[in-house]
Novice: 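Could you have a look at this structure, given as structure tokens, before my questions?
Predicted, not measured: the structure shown is a model, and the values here were computed from it. Reminder, nothing fancy here: chain letters follow the sequence lines and each chain counts from 1.
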Amino acid sequence: MITVSFPDGAKRQYDAGVTPLAIAESISKGLAKKAVAAKVNGGWWDLSRALEGDAALALVTRDSAEGLEVLRHDAAHVLAQAVQDLFPGTQVTIGPVVDDGFYYDFYRAEKFSSDDFEKIEARMREIVDLDLPILRKVWGREQAIAHFKAIGEEFKAQIIDDIIPEGEAITVYSHADQWADLCRGPHLPSTGRLGKAFKLMKLAGAYWRGDPKNPQLQRIYGTAWADERQLADHLHRLEEAEKRDHRRIGRQQGLFHMQEEGRGMVFWHEKGWTLWRTIEAYMRRRLEAAGYTEVKTPQVLDRVFWEKSGHWEKYRENMFVCETVEEETLSLKPMNCPGHLQIFKFGQRSYKELPIRMAEFGACHRYEPSGSLHGLMRVRAFTQDDAHIFCREDQIEEEVAAFIRLVRVVHGDFGLQAAHVNLGTRPEKRAGDDAFWDKAEGMMANAARMAGIEPVIAVGDGAFYAPKLDFIVKDAIGREWTCGTIQLDYVLPDRLGAEYIGEDGAKHKPVMLHRAILGSFERFIGILIENYAGTFPLWLSPVQVTVATITSDADAYAEQVAAALRAAGLRTEVDTRNEKINFKVREHSLARTPVIAVVGRKEAEEGKVALRRLGGEHQQVMSLEAAVAALAREATSPDLR
RNA sequence: GCCGCCGUAGCUCAGUGGUAGAGCGCGUCAUUGGUAAUGACGAGGUCGGGAGUUCAAUCCUCCCCGGCGGCACCA
């Protein structure tokens, strides 16, 4: 007999060799049905794998996050079997679980097409219906390599050879005797338990082990859920997210466009640019209040300059380089930092001036790989809300902490919820010894704690010269975006010879903090469009009020109303077209105008306006003065409230 | 950059080996209507670009460009 203890503290006796599935059945039929795997003494365990000794057992059910992972992993295996059944000669590689689903990478000379999905899904459903038992076997290393080589699975053999450490048990899971895959597990007791709430989603290319020098594989993505309802919900969420796509809304609302002669470059139309300028004016005020000064540095600088900064050597591939008729070689700036250092170095600096917080809305150009471009999210010409804080080492923590507080306020003002803060620690390839990194990472973590935040450690994610903090926010539908960063830098000030005179009269090197809150205006506006789904709050909306007339008798009065609103700083348009009010209301509502001020003969006579809020069903009739005052108050930027 | 898919009117999309269609939008005219579509008429396309096959290509083939989804990249 063995003793099995449960998460709630209960203990029960079973015969040795009992399986978690049998235990689940002994507790309740429902539990047994919902179970997909188990945790034994904290580690994953198959439901059908016998327990030989005392154990702490937790059953994992299909409706839990961990249970879904097991399901998805099995879905990947069933996909792989289906593909190999239908397309003999296809080699399998790996098939992990990802957010919302799974994928499997295949190697096959012929191309898959999404037209094949239907056939593959049908075969997957057959495999589920067959309810094949999933069997776990432990093999010796040589046996496993020999087996996979013998059946032509070169990639699998390579995984064992290269990735799995000597001495580690090699487990193979099979679907009855039909199909087998190298896998760590755990897996369901049989394929029937997977259910049919899965769907193949898309086809993509991927490199074997992520390296472009390796063979190109074909990746099939799928999604899988505990039941049909969850699958339907997921597909619905995808549709909703697509409706928020900033490229679509940007076109619909006339915010911006891009065209092929300027890949990765944005043509900002009037409304989009208004949004930009509103954000910029807001940021300028926030920065000024936080003790920043603003500068502007050249767009194009000589090659020699970039050689000194190190960019010519390290960043050349991403730079837009141009030649002049006088045979100079110049480059558009990919970053603002070297420029800011020139301003710092101009004349002599005293420790009394530090910290210097030097901001620039710096327009940068980077030659990004063509395949990485994506709407406003990844562009080749962008404007950073950049700043560099030059300070003494003992000022770092305080500056970083103050920055974190500023970031939080700004993100909140744009309706973005703080998710977490990542501390990127020492990468493999790095400058500086361990003592330096210990100290630098410690300072960043400390600063975060000073601002009331426990950072999440992102191992190896730091810059090569120092650690950084990245700020992750959540948008209105729960998607996460990395927005805002602060990076420590001892290297560049040194390399470009920045110094200040200390209290002791000697020269010292300043430390530099690179930081951005929005990142780039382009990307941030893209995020905002998706966060608000194009329905911007009043203070941000490119058009805040549209004055719409009912009859042409009110045209003159409408202009008067608009003039009063504009005088109060409200971005106002007038619609005196010869159209019915229904038509105008519909059109301006679809255009997401926050306020429609309707004026007809009655309002003109009484000096009133009828305000209709976007999405609202009622109108508020009030005097023009009252409307102007109310709207002006509501439209106030959050930093001025 | 690599792999796959896609490219028809301003937008969303249908369609055929015999030089094209819808809805919305746009223009003109009529209509002055009280809170989510007034009606009539009209204009608008080298079917992404180039080459090839064919009596004939928007349709088939190849190359190029671009878009989309991934991968890789993001000192």
Novice: Quick check, are the ring centers of A/F198 and A/F102 under 6.0 angstrom apart?
Specialist: no

Novice: With a cut-off of less than 4.0 Å, is there a side-chain N or O of A/N582 near OP1 or OP2 of B/A36?
Specialist: yes

Novice: With the side chain counted from C-beta on, respond yes when A/Q253 and A/K271 share a heavy-atom pair under 4.5 Å apart, and no when they do not.
Specialist: no

Novice: Measure the acute angle between the ring planes of A/W225 and A/H234, then classify it against the limits of 30° and 60° as parallel, tilted or perpendicular.
Specialist: tilted

Novice: Taking the six-membered ring for Trp, is the centroid-to-centroid distance between A/Y490 and A/F436 below 6.0 Å?
Specialist: yes

Novice: Is there a side-chain contact between A/W306 and A/P338 in this structure, where contact means two heavy atoms from C-beta onward sitting under 4.5 Å apart?
Specialist: yes

Novice: Between the base of B/G34 and the side chain of A/E603, is there a donor-acceptor distance below 3.5 Å?
Specialist: yes

Novice: Heavy atoms under 4.0 Å, any strand shown: does A/G210 hit a base, just sugar-phosphate, or nothing?
Specialist: sugar-phosphate

Novice: Record whether the side chain of A/R612 comes under 3.5 Å of the base of B/A36 through a donor-acceptor pair of N or O atoms.
Specialist: yes

Novice: Determine the interplanar angle of the A/W273 and A/W268 rings, folded into 0 to 90°, and report it as parallel if under 30°, tilted if 30 to 60°, perpendicular if over 60°.
Specialist: tilted

Novice: What integer number of Å spans the C1' atoms of B/U8 and B/A20?
Specialist: 9 Å

Novice: Any side-chain N or O of A/R247 below 4.0 angstrom from OP1/OP2 of B/C68?
Specialist: yes

Novice: Taking the six-membered ring for Trp, are A/Y367 and A/F320 parallel (under 30°), tilted (30 to 60°) or perpendicular (over 60°)?
Specialist: perpendicular

Novice: Could you summarise the pairing of RNA chain B as dot-bracket text, marking Watson-Crick and G-U pairs under 3.5 Å with ( ) or [ ] inside the strand and | across strands?
Specialist: (((((((..((((....[..)))).(((((.......))))).....(((((..]....))))))))))))....

Novice: How is A/L217 classified with respect to the nucleic acid when contacts are heavy atoms under 4.0 Å: base, sugar-phosphate, or nothing?
Specialist: nothing

Novice: Base, sugar-phosphate, or nothing for A/A463, non-hydrogen atoms under 4.0 angstrom?
Specialist: nothing

Novice: Find the distance A/E242:CD to B/G69:C1' and express it as a whole number of Å.
Specialist: 11 Å

Novice: Consider the side chain of A/M335, meaning its heavy atoms from C-beta on, and name the nucleotide among B/G70, B/A75, B/G66 that approaches it most closely.
Specialist: B/A75

Novice: How long is the gap from CD on A/Q91 to OH on A/Y107, to the nearest 0.5 Å?
Specialist: 7.5 Å

Novice: Just compare B/A75, B/C73, B/C3 and give me whichever is closest to any side-chain atom of A/K314.
Specialist: B/A75

Novice: If you take atom types as modelled and just measure distance, does the side chain of A/Y207 reach the base of B/G1 with a donor-acceptor pair under 3.5 Å?
Specialist: yes

Novice: With a 4.0 Å cut-off on heavy atoms, is A/E260 in touch with a base, just the backbone sugar-phosphate, or nothing at all?
Specialist: sugar-phosphate

Novice: Write down the distance separating the P atoms in B/C47 and B/G42, rounded off to the nearest Å.
Specialist: 25 Å

Novice: Is A/A206 touching bases, backbone alone, or none of the nucleic acid, heavy atoms closer than 4.0 Å?
Specialist: sugar-phosphate

Novice: Is A/K111 close enough to B/G4 that one of its side-chain N or O atoms is under 4.0 Å from OP1 or OP2 there?
Specialist: yes

Novice: Nearest of B/C71, B/G34, B/A36 to any side-chain atom of A/R601?
Specialist: B/G34

Novice: Starting at atom CG of A/L373, determine the distance to atom P of B/G70, rounded to an integer number of angstrom.
Specialist: 14 Å

Novice: Whole Å only: how far is the NZ atom of A/K213 from the C1' atom of B/G1?
Specialist: 13 Å

Novice: Determine whether the aromatic ring centres of A/F106 and A/Y104 lie less than 6.0 Å apart.
Specialist: yes

Novice: What's the gap between B/A22 and B/A57 when it is taken at their P atoms, as a whole Å value?
Specialist: 25 Å

Novice: Can you tell me if the side-chain N/O atoms of A/R263 get under 4.0 Å from OP1 or OP2 in B/G67?
Specialist: yes

Novice: Could you state the NZ-P distance from A/K608 to B/U35, rounded to the nearest angstrom?
Specialist: 18 Å

Novice: Can you tell me, in whole Å, how much space there is between the P of B/C3 and that of B/C64?
Specialist: 11 Å

Novice: Please give, in whole Å, the distance from B/C2 C1' to A/D105 CG?
Specialist: 14 Å

Novice: Is the distance from OP1 or OP2 of B/G69 to the nearest side-chain N or O of A/H374 less than 4.0 Å?
Specialist: yes

Novice: Taking only the P atom of each, what is the distance from B/A9 to B/C59 in whole angstrom?
Specialist: 15 Å

Novice: Counting only side-chain heavy atoms from C-beta out, which of B/G34, B/C11, B/U38 sits nearest to A/E579?
Specialist: B/U38

Novice: Measuring only the C1' atom in each nucleotide, how far is B/G17 from B/C26? A whole number of Å is fine.
Specialist: 34 Å

Novice: Taking A/E307's backbone N and O only, do any of them form a donor-acceptor pair with A/E313's side chain (distance below 3.5 Å, no angle check)?
Specialist: no

Novice: For the P atoms, the ones on B/G18 and on B/G25, what distance do you get once it is rounded to whole angstrom?
Specialist: 33 Å

Novice: For a quick test of reading the model: is some side-chain N or O of A/R378 closer than 4.0 Å to OP1 or OP2 of B/G70?
Specialist: no

Novice: Select from A/E587 and A/L492 the residue whose nearest nucleotide in RNA chain B is closer to the 5' end of that strand.
Specialist: A/E587

Novice: In whole Å, measure the gap between the C1' atoms of B/G69 and B/A37 for me.
Specialist: 36 Å

Novice: Rounded to whole angstroms, how far apart are NZ on A/K584 and C1' on B/A36?
Specialist: 14 Å

Novice: Choosing from B/C3, B/G66, B/U38, which nucleotide comes nearest the side chain of A/F583?
Specialist: B/U38

Novice: In whole angstrom, what separates A/L203's CG from B/C6's C1'?
Specialist: 14 Å

Novice: Starting at CD of A/E606 and ending at C1' of B/G34, how long is that distance when rounded to a whole Å?
Specialist: 13 Å

